[in-house]
Amino acid sequence: MRTLIKSVLLESEPRQGVTVKGWVRTRRDSKAFSFLELNDGSCLGNLQAVVDVGTPGWEQLPHMTTGASIVIEGNLVPSPAAGQKWELRATRVELVGLADTTYPLQKKGHTTEFLRTIAHLRPRSNLYGAVFRVRSRLAYAVHQFFQERDFVYVHTPIITASDCEGAGEMFRVTTLKGNIEEKPETDFFGKKAYLTVSGQLEGETFACALSNIYTFGPTFRAENSNTARHAAEFWMIEPEMAFCDLQGDMDLGEAFIKAMAKHAVEHCAEDLGLFAKFVDKELLSRLQFVIDRPFVRVPYTEAVEILKKSGHTFEFPVEYGQNLQSEHERFLTERHFKSPTTVFNYPKEIKPFYMRQNDDGKTVTAMDVLVPGIGEVIGGAQREERLDHLLENMRFHKLDPKDYWWYVDLRRYGSVPHAGFGLGFERLLMFLTGIPNIRDVIPFSRTPGNADF
RNA sequence: UCCAGAGUAGCUCAAUGGUAGAGCACGCGGCUGUUAACCGUGGGGUUGUAGGUUCGAGCCCUACCUCUGGAGCCA
């Protein structure tokens with residue numbers, strides 16, 4: 001029976017009759033025996049096997065090159081040499097699949113740019129193996145976090161006919177041929193349909209029934225964004241809470257990010273160690289800081305004052321009523337507060353129609369969580385639950401309430417204060433791993449002009 | 001989409017406008033309880049694409065393509 005290398009390496013006693021299966025990372029030959037290092041993706045570490053001349057299957061050894069898949073049976077013994085605790089004394093080796101000399105992965109370092117061009121093989125590298133193990137583990141942690149707090153997981157639709165959700169350009173979904181603008185009523189859904197840019201509006205309907213809900217699924221933006229932080233397809237987490245205000249929303253966002261950092265530190269230590277060594281030297285101390293210290297919270301108006309009084313010259317001037325530029329966000333998180341920072345109560349002009357208006361008449365209950373190095377990782381708000389205010393906001397933003405009749409209905413029937421946020425899973429992963437490019441934390445990235453694999 | 005920078009061997013990079021090179025990888029030989037092994041040796045190129053300038057272009061000019069960094073949009 002096959003044993004994963006992860007559990008082999010964790011053994012506390014020598015063991016007879018161990019079978020491992022995986023891919024050769026490197027082989028070093030001696031006259032009387034060979035060292036084979038095997039990796040099966042179950043963990044970062046390799047298992048070193050020692051294959052004596054004459055071991056059954058030994059004649060295939062020349063073909064067991066980097067990248068080849070093999071099976072090794074043997075006895076687990078303490079390694080006499082430095083570098084590893086255990087090694088496997090092979091009693092039988094078997095070649096399963098060849099990897100000829102064109103195998104592109106080498107034993108030495110590759111750039112992430114090159115590895116992106118071989119996205120089908122890059123999970124076999126140390127870096128990407130670690131990234132995708134962490135991704136999997138944190139996806140689990142997301143569900144654990146919400147389920148433990150009695151949030152209900154809701155599958156909001158991928159295809160939507162909500163015309164302008166205000167979150168960006170949308171991908172059109174159609175079965176029409178020729179001019180797809182001409183007769184949308186003859187299209188598959190009888191109207192124009194798109195890939196979702198957010199499950200929030202649908203999520204609100206479920207929060208106004210099941211109290212606390214969350215979504216966790218793919219989201220699509222057709223923006224022509226070409227940055228290290230944007231992808232056309234990404235995974236978003238959107239909690240929504242009934243009977244909750246902005247304060248509770250900010251509390252949840254902060255607790256969530258802290259919980260994810262804690263989970264990563266506690267369950268992905270080996271992989272994080274790789275990132276700390278090769279990607280981001282500050283990673284572990286930053287994660288500890290995030291776990292230990294409360295986030296800074298500052299109203300938008302105050303943030304603007306801080307930036308204006310900073311004496312720092314910005315490329316774009318700081319002005320009340322304008323969105324904070326990347327350089328402004330970076331100044332706040334990286335130089336002024338040196339901490340994750342939640343900015344809240346933004347001017348209503350620069351925020352969407354569904355955000356709740358404050359009593360000052362000028363601001364809405366929006367909140368963005370900004371983190372050093374990445375910028376916005378959470379965008380959220382307390383929603384406008386008052387029917388008259390919502391309709392007024394829609395007029396202000398030049399939207400037709402008829403297009404949102406079911407959303408408006410929520411304010412007609414048992415309306416409640418409620419709040420939620422959207423969090424980009426990949427941006428969270430970037431923050432927790434130190435990986436600086438979003439294309440390197442998603443298995444097969446979709447960006448403008450690129451949908452290979 | 002805008003502003004910079006880059007594109008030379010499988011990979012990472014050199015090369016005053018004058019015969020395209022190194023390290024690693026790969027092949028072969030040797031050595032060794034090895035650890036990104038080591039020593040010797042060999043093969044490997046339409047210099048991103050298309051034009052142009054020049055006696056001569058990897059190098060200069062133009063256009064396009066791709067990638068990287070920054071910006072905008074956002075998560």
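- Within the 3.5 Å criterion, the main-chain N or O of A:A99 finds a donor-acceptor partner in the side chain of A:T65.
- Remark: A:K107 is not in phosphate contact with B:C11, judged by side-chain N or O atoms under 4.0 Å from OP1 or OP2.
- Of the candidates B:U32, B:C11, B:A71, the closest approach to any side-chain atom of A:S30 belongs to B:U32.
- Per the geometry, CZ belonging to A:R229 stands 11 Å off P belonging to B:C73, to the nearest Å.
- In terms of phosphate contacts, A:K31 brings a side-chain nitrogen or oxygen within less than 4.0 Å of OP1 or OP2 of B:C31.
- Pair assignment for B:G69 gives B:C3, based on Watson-Crick or G-U wobble hydrogen-bonding distances that are each under 3.5 Å.
- If you measure from atom CZ of A:F431 to atom P of B:C74, you get 22 Å, rounded to the nearest angstrom.
- You'll find that the side chain of A:Q48 is closest to B:G33, out of B:C74, B:G33, B:A71.
- Annotation: B:G21 and B:U66 have their P atoms spaced 32 Å apart (nearest Å).
- For A:F425 and A:Y103, each mapped to the nucleotide of RNA chain B holding its nearest heavy atom, the one lying further toward the 5' end belongs to A:Y103.
- Here A:F145 and A:F151 keep their ring centres 6.0 angstrom or further from each other.
- For A:R427 and A:F425, the positive end is not near the middle of the six-membered ring at less than 6.0 Å and at most 45° from its axis.
- B:G58 is unpaired under the Watson-Crick or G-U wobble criterion, no partner having all donor-acceptor distances under 3.5 Å.
- B:U54 and B:U46 have their P atoms separated by 28 Å, given to the nearest Å.
- Between the side chain of A:R89 and the base of B:G33, at least one donor-acceptor pair of N or O atoms lies under 3.5 Å.
- Remark: the A:E113 side chain and the B:G7 base include no donor-acceptor N/O pair separated by less than 3.5 Å.
- Around OH of A:Y140, the count of heavy atoms belonging to other residues, nucleotides or ligands within 6.0 Å does not exceed 12.
- When the nucleotides B:A71, B:U34, B:C26 are ranked by their closest atom to the side chain of A:S79, B:U34 comes out on top.
- Atom pair A:R439:CZ and B:G69:C1' shows a separation of 11 Å (rounding to whole Å applied).
- One C1' atom belongs to B:A14, the other to B:G29, and the distance between them is 30 Å to the nearest Å.
- B:A63: Watson-Crick or G-U partner is B:U49, with both key distances under 3.5 Å.
- Contact annotation: A:T111 reaches the phosphate of B:U12 (side-chain N/O to OP1 or OP2, under 4.0 Å).
- Rounded to whole Å, atom C1' of B:U66 lies 10 Å from atom CG of A:N450.
- Of the inter-residue distances, the one linking A:K262 atom NZ with A:L432 atom CG reads 14.0 Å to the nearest 0.5 angstrom.
- Whole-Å rounding puts the A:L324 CG to B:A71 P distance at 14 Å.
- Remark: the separation of the P atoms in B:G5 and B:C64 is 16 Å, to the nearest Å.
- Classified by interplanar angle (parallel below 30°, tilted 30° to 60°, perpendicular above 60°), the ring pair A:Y214/A:F146 is parallel.
- For A:T65 and B:C26, the shortest distance from a side-chain N or O to OP1 or OP2 is not below 4.0 Å.
- The shortest side-chain heavy-atom distance between A:T341 and A:V343 falls under the 4.5 Å cut-off.
- The base of B:U34 sits within donor-acceptor range of the side chain of A:Q84, with an N or O pair under 3.5 Å.
- Side-chain proximity of A:T26 to the nucleotides B:A37, B:U34, B:C73 is greatest for B:A37.
- B:A50 and B:U8: their P atoms are spaced 15 Å apart (whole Å).
- Counting distance only, with no hydrogens placed and no angle test, the side-chain atoms of A:R427 and the base atoms of B:C74 include a donor-acceptor pair under 3.5 Å.
- The side chain of A:N224 approaches B:U1 more closely than any other nucleotide in the set B:U1, B:U34, B:A71.
- Rounded to the nearest Å, the gap between the C1' atom of B:G48 and that of B:A6 is 11 Å.
- A:S225 contributes a side-chain N or O that forms a donor-acceptor pair with the base of B:C73 under 3.5 Å.
- Annotation: A:F344 is not in aromatic contact with A:Y300 [ring centroid separation under 6.0 Å not met].
- A close approach under 4.0 Å does not occur between any side-chain nitrogen or oxygen of A:R27 and OP1 or OP2 of B:C26.
- Dashed line: the shortest gap from a side-chain N or O of A:R330 to OP1 or OP2 of B:A71 is under 4.0 Å.
- Spacing between atom CD1 of A:I257 and atom P of B:A75 amounts to 14 Å, rounded to whole angstrom units.
- Whole-Å rounding puts the A:E315 CD to B:C3 P distance at 14 Å.
- The base of B:C74 is paired with the side chain of A:H230 by a donor and an acceptor separated by under 3.5 Å.
- Counting only heavy atoms from C-beta on, A:A231 has its side chain closest to B:A75 among B:A75, B:G33, B:U68.
- Using a 4.0 Å cut-off, some side-chain N or O of A:S326 falls inside it from OP1 or OP2 of B:G72.
- When each of B:U1, B:A75, B:G72 is scored by its nearest atom to the side-chain atoms of A:R221, the top-ranked nucleotide is B:A75.
- Distance check on atom C1': B:C67 versus B:U49 gives 15 Å, rounded to whole Å.
- The stacking criteria are not both satisfied for A:F35 over the base of B:G33, which would need a centre-to-centre distance under 5.5 angstrom and an angle between ring planes under 30 degrees.
- Atom pair A:D29:CG and B:U34:P shows a separation of 14 Å (rounding to whole Å applied).
- With P as the reference atom, B:G7 and B:G43 are 28 Å apart, rounded to whole Å.
- For the pair A:K351 and A:T447, both in contact range of RNA chain B, the more 5′-proximal nearest nucleotide belongs to A:T447.
- Listed nucleotides: B:A71, B:G33, B:G69. Nearest to the side chain of A:N437: B:G69.
- Remark: side-chain polar atoms of A:T156 are not paired, donor with acceptor, to backbone N or O of A:G203 under 3.5 angstrom.
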